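Notes follow the structure.
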Amino acid sequence: KQEVTQIPAALSVPEGENLVLNCSFTDSAIYNLQWFRQDPGKGLTSLLLIQSSQREQTSGRLNASLDKSSGRSTLYIAASQPGDSATYLCAGFQGGSEKLVFGKGTKLTVNP
Amino acid sequence: EAGVVQSPRYKIIEKKQPVAFWCNPISGHNTLYWYRQNLGQGPELLIRYENEEAVDDSQLPKDRFSAERLKGVDSTLKIQPAELGDSAVYLCASSIQGKAENIQYFGAGTRLSVL
């Protein structure tokens with residue numbers, strides 16, 4: 001059974017800092033790894049999707065990488081802003097299934 | 001383009017009462033998902049529809065939960081009777097097709113509190 005772990009559970013940084021959020025998974029057969037953002041009281045918004053044939057994806061100040069051999073994905077946020085404050089969740093499809101398995105998320109606070 | 005619409009946004013009920021949630025997916029999306037998100041956890045899939053057919057309901061507690069997607073568009077999720085442990089946020093999502101490369105778009109969710 002695929003398990004997705006996110007460390008740290010919470011992170012507080014000053015504005016302007018570059019930061020990395022970590023995601024690890026137990027089954028290397030995971031595919032189409034995604035990073036989502038969730039604001040309080042809101043649904044999830046997909047930020048980046050890394051397909052099985054890819055190793056990273058970039059969107060603006062966000063860069064996500066995937067290393068299936070080590071069972072890890074990272075989300076890099078450059079020049080963080082207070083508006084980046086939210087919970088970030090990673091999720092991937094379990095091999096042989098079309099079920100998206102989520103981590104518990106990292107709650108990010110960017111202080112002005 | 002309108003996103004996934006869910007109602008109500010909040011619901012407070014006493015245990016043993018019934019409750020229903022409604023979801024309107026993005027137009028043209030044939031795949032619809034219901035997730036449950038407990039506090040401090042990631043969402044967990046309850047049921048997935050391809051058009052009007054439930055293709056994965058393995059995680060749906062069928063003794064008290066039911067769902068339907070008539071005409072392959074809107075969907076309702078029902079709990080009867082509700083238990084204290086059902087307190088959670090219920091999220092609906094939709095995608096063009098139920099394929100891994102298709103992004104799932106989420107609604108804002110219904111926050112259920114069972115007293």
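These figures come from a predicted structure and were not determined experimentally. Chain letters run A, B, ... following the sequence lines, proteins first, then strands; residues in each count from 1.
Residue B:Q59 touches chain A through its side chain alone, counting heavy-atom pairs closer than 4.5 Å.
More than 12 heavy atoms of other residues, nucleotides or ligands sit less than 6.0 Å from atom NZ of A:K68. Taking a 6.0 Å sphere around CG of B:L39, one finds it holds 12 or fewer heavy atoms contributed by other residues, nucleotides or ligands. More than 12 heavy atoms of other residues, nucleotides or ligands shown are found within 6.0 angstrom of NZ on B:K62. Counting non-hydrogen atoms of neighbouring residues, nucleotides and ligands closer than 6.0 angstrom, the NZ atom of A:K99 exceeds 12 such neighbours. Around the CZ atom of B:R64, the shell of radius 6.0 Å holds more than 12 heavy atoms that belong to other residues, nucleotides or ligands.
B:R9 places a side-chain N or O within 3.5 Å of a backbone atom of A:G41 that can act as its donor or acceptor partner.
Note that CD1 of B:I103 and CG of A:L44 are 12.5 Å apart. Values are rounded to the nearest 0.5 Å. Here CG of A:L100 is found 8.5 Å from CG of B:L45. Values are rounded to the nearest 0.5 Å.
The nearest pair of heavy atoms linking A:F36 to B:Q104 is CE2-O, 4.2 Å. In plain terms, the two heavy atoms of A:L89 and B:P43 that are nearest each other are CD2-CD, 3.9 Å.
Using a 4.5 Å cut-off between non-hydrogen atoms, the part of residues 107-115 of chain B that approaches chain A consists of B:G107, B:A108.
If you chain together hydrophobic residues whose side chains sit under 4.5 Å apart, A:L33 and A:Y76 never meet in one group. Cluster membership for B:L91 and A:V101, using ILVMFWY side-chain heavy atoms within less than 4.5 angstrom, is not shared. A continuous path of ILVMFWY side-chain contacts below 4.5 Å connects B:W34 to B:F65, so both sit in one hydrophobic cluster.
Scanning for ring-ring contact (aromatic ring centres under 6.0 Å, His included) contacts around B:Y35 gives A:F102, B:F106, with sequence neighbours left out.
Using modelled atom types, one finds a donor on one side chain and an acceptor on the other under 3.5 Å when comparing A:Q38 with B:Q37.
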